[in-house]
Amino acid sequence: MISINIIKAFSDNYIYLLRNESKNITSVIDPGESEPVLKYLNEKGWHLDEIINTHHHNDHIGGNSKLQEIFNSKLIAPLYDKHRINNVDIYISDNDIIEIAGVKTKVIHTPGHTLGHVCLYLEEEKCLFSGDTLFYLGCGRVFEGSMEQMWLSLLKLRDLPDETLVYCGHEYTLSNAKFSSYIDPKNESLKIAIQKIIEKSDRKIPTIPFELGKEKFINPFLRADEKDFTNSIGLGSNVPAECFSIIRKQKDNF
Ligand code: ZN
Ligand code: FE
């Protein structure tokens with residue numbers, strides 16, 4: 001059993017510091033900046049063994065070099081981003097089984113937001129680090145891949161067990177909630193989720209993690225192949241990837 005420590009960075013990024021006490025291993029996922037991570041490590045007296053990046057964007061890798069310099073940590077990053085992330089020790093790609101914080105982890109390639117994006121699934125811990133692919137009530141913007149690629153990537157994540165807790169790269173939940181309730185105003189489960197989200201936001205505590213099983217019924221981006229839903233928003237005659245694309249573009253302009 002590991003502990004997952006949530007560190008805030010920039011205005012809305014989350015950095016995850018994983019600690020395996022029994023094996024004495026500490027790992028960080030997506031250190032966009034080094035300072036808050038250093039502060040946390042110093043307070044706890046932990047050495048940073050590994051850094052893992054989900055994708056090449058600077059708000060996820062910006063702290064790599066400073067942390068490597070101080071701790072000589074191993075850097076684990078997507079093979080696809082070979083030319084965009086420096087000083088990588090271990091490259092990862094789809095379906096690789098690796099260890100993060102001493103725990104078995106499956107690498108899931110989820111192109112769309114970027115072409116090399118990977119998510120990390122720790123089956124025994126029942127948790128998923130989804131980077132900028134899946135957000136609470138939302139999904140990442142499609143910058144490099146096609147809309148269809150992003151949709152297929154989200155389906156891979158949706159297939160994971162319901163009890164999976166999802167830790168995503170940003171606190172975008174409130175803005176995603178506004179869009180979700182706009183597009184799906186009659187969804188009672190969504191209303192209940194949003195109430196809890198507002199309570200947390202008011203208290204300035206993270207809305208993360210969220211449960212994948214519940215998300216399947218309330219995140220509009222995971223429901224582009226659900227006929228009742230797509231009919232209700234007037235997209236019934238489109239194939240799922242097209243529905244997804246239309247919903248994604250609507251959110252981009254929301
Ligand atoms: Zn990103
Ligand atoms: Fe990001």
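Whatever order the structure lists ligands and atoms in, that order sets their numbers, starting from 1. Every value quoted in this text rests on a predicted model; they were computed, and no experiment measured them.
- Judged by the 6.0 Å and 45° rule, Lys8 forms no cation-pi pair with Tyr14.
- With respect to Arg141 and Asp252, a salt bridge is recorded, a charged nitrogen being found less than 4.0 Å from a carboxylate O.
- Counting only N and O atoms by type, the side chains of His117 and His56 include no donor and acceptor under 3.5 Å apart.
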Quiz item: Are His55 and Asp30 close enough, and set up right, to give a side-chain hydrogen bond (donor to acceptor under 3.5 Å, both in side chains), and what steps lead you there?
Solution: CA-CA 8 Å; His55 66 295; Asp30 283 354; 4.6 Å; no
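- The distance from atom CG of Asp96 to atom CG of Leu79, rounded to the nearest 0.5 Å, is 8.5 Å.
- Under 2.8 Å from the Zn ion (ligand 1) lies an N/O/S atom of His57, whether from backbone or side chain.
- Residue His117 does not count as close to the Zn ion (ligand 1), with no N, O or S atom under 2.8 Å.
- The atom name of the N/O/S atom in Asp132 closest to the Zn ion (ligand 1) is OD2.
- Between Phe221 and Phe179, the ring planes lie parallel to each other; the angle is under 30°, not in the 30° to 60° tilted range.
- If you look at the Fe ion (ligand 2), the protein N, O or S atoms less than 2.8 Å from it are Asp59 OD2, His60 NE2, Asp132 OD2, His170 NE2.
- Atoms CD1 and OG1, on Ile247 and Thr230 in that order, are 7.5 Å from each other to the nearest 0.5 Å.
- Atoms CD and NZ, from Glu124 and Lys104 in turn, are 6.0 Å apart once rounded to the nearest 0.5 Å.
- The nearest N, O or S atom of Asp59 is not closer to the Zn ion (ligand 1) than 2.8 Å.
- At the Zn ion (ligand 1), the vertex angle linking NE2 of His55 with NE2 of His113 is 100° (nearest 10 degrees).
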